[in-house]
Participant: 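Let me begin by handing over the structure; questions about it come next.
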Amino acid sequence: MSRLQPRSFSSSVPSRANELLSEFHHHLGSGTLWPELARQLFDQMLRQPVPVSVRALNGLFAALARAPPSTACTNAPALVIDLFNRMAQAGRRQVTAPTIYTYSILIECCHRACRPDLGLAFFGRLLQTGITTDVITYSSLLKCLCDMKRTEEALGVLLHRMPNDLPNVISYSVILKSFCDSGRSHLALDLLRMMAEKGSDHSPSVVSYSVVIDGFFKEGEISKACDLFHEMMQQGVVPDVVMYTSIINALCKARAMDKAEVVLRSMVHNGVQLA
DNA sequence: TTAGGGTTAG
């Protein structure tokens with residue numbers, strides 16, 4: 001027998017924890033992952049002497065975070081929160097240690113499961129661990145604050161609490177959307193102006209403009225929306241298919257068919273970037 | 001491996 005054989009044999013045999021992980025994914029994919037089954041498989045996974053890699057664990061959580069509601073599992077993001085708590089309660093037993101990715105997925109799940117309060121609590125716990133935060137985790141935190149109608153506070157976090165240079169155009173768009181969703185598109189416009197002044201990484205993107213333009217339309221501020229659209233193009237930001245769809249739809253609803261036709265023709269004439 | 005915008009039919 002080759003001396004290499006035992007080694008290659010052992011590395012080719014999946015650990016019991018990995019087998020359970022595969023089973024988990026299988027049930028998720030075939031729509032048979034009832035929460036009780038998920039908890040059983042996960043608890044069994046935690047009891048294995050060889051834990052799964054943190055990357056595999058994050059992959060599992062990320063898949064659950066994205067899972068649409070099904071008969072078996074109506075709220076997969078809530079299940080992620082549950083499973084994370086079980087892992088945390090496993091105490092000193094050797095289990096997979098969470099990383100910034102784990103926390104990022106977890107806090108996003110709090111937002112999706114309509115438990116923004118838990119998102120804030122988990123973020124506090126993340127800070128205590130000493131793990132370095134990143135801009136993506138902050139985006140989910142900002143969403144949780146906005147869910148709780150604390151948009152101004154979220155803006156304060158973005159402007160004053162986030163480490164220097166961490167905020168980017170996506171962080172801002174979370175706040176822009178929240179102002180618009182609460183009927184305060186004028187505040188979103190102020191913020192958009194601030195972004196433009198800051199420049200570089202913070203310069204408004206087609207998404208930033210799209211959020212505020214759509215906000216104005218939804219508030220019935222047709223001319224403000226159109227003005228901003230023209231201003232955007234003067235700035236050299238190119239509209240994409242999402243923005244055209246939003247504008248044409250809004251103009252039609254506002255019975256401004258002539259304007260809608262102008263926008264449609266310019267879209268056809270100039271070509272359109274797919275989002 | 002973790003994040004932002006729109007619409008659609010029947």
Side-chain angles (χ1 to χ4, degrees), chain A residues 21 24-25 52-67 76-77 80-81 84 96-112 116 119 122-123 126 129 131-147 151 154-155 157-158 162 166-181 185 188-189 191-192 195 201-218 225 228-229 232 237-254 260 263-264 267 272-275:
Chain A
L21 191 72
F24 204 114
H25 277 291
V52 294
S53 73
V54 67
R55 207 178 163 118
L57 179 82
N58 292 339
L60 176 64
F61 283 174
L64 272 176
R66 285 190 299 266
V80 170
I81 300 170
F84 181 90
T96 309
T99 63
I100 188 60
Y101 293 93
T102 323
Y103 275 99
S104 191
I105 297 163
L106 177 66
I107 294 168
E108 179 66 19
C109 282
C110 294
H111 158 69
R112 293 186 190 175
F122 282 124
F123 190 83
L126 165 65
T129 65
I131 296 172
T132 305
T133 53
D134 69 9
V135 65
I136 299 180
T137 320
Y138 267 103
S139 283
S140 295
L141 173 73
L142 297 177
K143 276 189 261 183
C144 286
L145 281 168
C146 291
D147 290 341
T151 312
L155 180 58
V157 169
L158 186 154
M162 284 174 70
L166 200 52
N168 61 16
V169 67
I170 298 182
S171 329
Y172 279 91
S173 71
V174 172
I175 314 283
L176 292 174
K177 184 82 168 65
S178 180
F179 277 139
C180 292
D181 286 346
S185 300
L189 182 62
L191 186 56
L192 199 71
M195 293 169 70
D201 277 356
H202 303 107
S203 288
S205 66
V206 64
V207 175
S208 323
Y209 279 103
S210 190
V211 168
V212 184
I213 290 170
D214 196 57
F216 277 134
F217 274 126
K218 293 207 163 109
L228 190 56
F229 178 57
M232 179 193 84
V237 177
V238 179
D240 63 10
V241 68
V242 172
M243 172 165 277
Y244 276 121
T245 305
S246 155
I247 291 180
I248 293 168
N249 176 63
L251 288 172
C252 289
K253 277 188 180 165
V263 176
L264 179 66
M267 180 184 88
V272 59
Q273 294 193 344
L274 297 179

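Below, chains carry the letters A, B, ... as their sequence lines are ordered, and counting in each starts from 1. Note that the structure is predicted; figures quoted are calculated from it, not measured.
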Participant: I need the CG-C1' distance between A:L142 and B:dT2, as an integer number of Å.
Facilitator: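 Rounded to the whole Å, the gap is 14 Å.
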
Participant: Of the nucleotides B:dT1, B:dA3, B:dG6, which has the atom closest to the A:R55 side chain?
Facilitator: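 Nearest to the side-chain atoms of A:R55, counting from C-beta on, is B:dT1.
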
Participant: Provide, to the nearest angstrom, the distance between the NE2 atom belonging to A:H25 and the P atom belonging to B:dT1.
Facilitator: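 Rounding to the nearest Å, NE2 of A:H25 and P of B:dT1 are 12 Å apart.
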
Participant: Could you give the CZ-to-C1' distance, from A:F123 to B:dT2, as a whole number of Å?
Facilitator: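 Between C1' of B:dT2 and CZ of A:F123: 13 Å.
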
Participant: Is a donor-acceptor pair below 3.5 Å formed from side chain A:D134 to base B:dT2, judging by atom type as modelled?
Facilitator: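 Indeed there is one.
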
Participant: Is it the case that the base of B:dG5 and the side chain of A:S208 share a donor-acceptor contact (distance under 3.5 Å, atom types as modelled)?
Facilitator: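 No, the side chain and the base share no sub-3.5 Å donor-acceptor pair.
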
Participant: Should A:K143 be listed as having a side-chain N or O under 4.0 Å from OP1 or OP2 of B:dA3?
Facilitator: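 Indeed not, no polar side-chain atom of A:K143 lies that close.
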
Participant: Provide, to the nearest angstrom, the distance between the CG atom belonging to A:L228 and the P atom belonging to B:dG5.
Facilitator: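 Roughly 18 Å, once rounded to whole Å.
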
Participant: Give a yes/no verdict on base stacking between B:dT2 and A:Y101: centres under 5.5 Å, planes within less than 30° of parallel.
Facilitator: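 Not stacked by the 5.5 Å and 30° rule.
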
Participant: Let me know the distance between CD1 of A:I170 and C1' of B:dA3, rounded to the nearest Å.
Facilitator: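 Atom-to-atom, A:I170 to B:dA3, this comes out as 5 Å.
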
Participant: Please confirm whether the backbone N or O of A:S171 pairs with a side-chain atom of A:N168, one donor and one acceptor, at under 3.5 Å?
Facilitator: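 Answer holds: yes.
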
Participant: Quick one: A:M243 CE to B:dG4 C1', roughly how many Å, whole number?
Facilitator: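 Atom-to-atom, A:M243 to B:dG4, this comes out as 13 Å.
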
Participant: If we only count heavy atoms from C-beta on, is the A:F24 to A:L64 side-chain gap below 4.5 Å?
Facilitator: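 Contact flag for A:F24/A:L64 side chains = yes.
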
Participant: Figure out the CE/P separation between A:M162 and B:dA3, and round it to whole Å.
Facilitator: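 Taking atom P of B:dA3 as the reference, CE of A:M162 is at 15 Å.
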
Participant: Salt bridge between A:D147 and A:K143, side-chain N to carboxylate O under 4.0 Å?
Facilitator: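 A salt bridge is absent here (no side-chain N lies under 4.0 Å from a carboxylate O).
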
Participant: Just to confirm, is there a sub-4.0 Å distance from OP1 or OP2 of B:dA3 to any side-chain nitrogen or oxygen of A:R66?
Facilitator: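 Answer is no, no contact under 4.0 Å.
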
Participant: Donor-acceptor check, side chain of A:H202 to backbone of A:P167, threshold 3.5 angstrom: yes or no?
Facilitator: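 At least one qualifying donor-acceptor pair exists.
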
Participant: Identify which nucleotide among B:dT1, B:dG5, B:dT2 has an atom closest to any side-chain atom of A:D240, counting heavy atoms from C-beta outward.
Facilitator: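 Looking only at heavy atoms from C-beta outward on A:D240, the closest nucleotide is B:dG5.
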
Participant: Counting only side-chain heavy atoms from C-beta out, which of B:dT7, B:dG4, B:dG5 sits nearest to A:V169?
Facilitator: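 The answer is B:dG4.
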
Participant: May I ask you to say what A:V206 touches in the nucleic acid, namely base, sugar-phosphate or nothing, with a heavy-atom cut-off under 4.0 Å?
Facilitator: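 Answer is base: heavy atoms of A:V206 come under 4.0 Å of a base.
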
Participant: Calculate, to the nearest 0.5 Å, the distance between atoms CZ and CE belonging to A:F229 and A:M243 respectively.
Facilitator: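 A:F229 atom CZ to A:M243 atom CE measures 6.5 Å (nearest 0.5 Å).
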
Participant: NA contact type, A:V211, heavy-atom cut-off 4.0 Å: base, sugar-phosphate, or nothing?
Facilitator: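 Sugar-phosphate contact only.
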
Participant: Examine the base of B:dG4 for any acceptor or donor lying under 3.5 Å from a partner atom in the side chain of A:S173, and report the outcome as yes or no.
Facilitator: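 Looking at the base of B:dG4, it does pair with a donor or acceptor on the side chain of A:S173 (distance under 3.5 Å).
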
Participant: Taking side chain as C-beta onward, heavy atoms only, is A:L192 less than 4.5 Å from A:S208?
Facilitator: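 Yes; the side chains approach each other to less than 4.5 Å.
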
Participant: Under 4.0 Å, heavy atoms only, any strand: does A:T99 hit a base, just the sugar-phosphate, or nothing?
Facilitator: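 No contact.
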
Participant: Rounding to a whole Å, what distance do you find between A:I136:CD1 and B:dT2:P?
Facilitator: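 Rounded to the whole Å, the gap is 8 Å.
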
Participant: Return no unless some side-chain N or O of A:K218 is found under 4.0 Å from OP1 or OP2 of B:dG5.
Facilitator: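 For B:dG5, neither OP1 nor OP2 has a side-chain N or O of A:K218 closer than 4.0 Å.
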
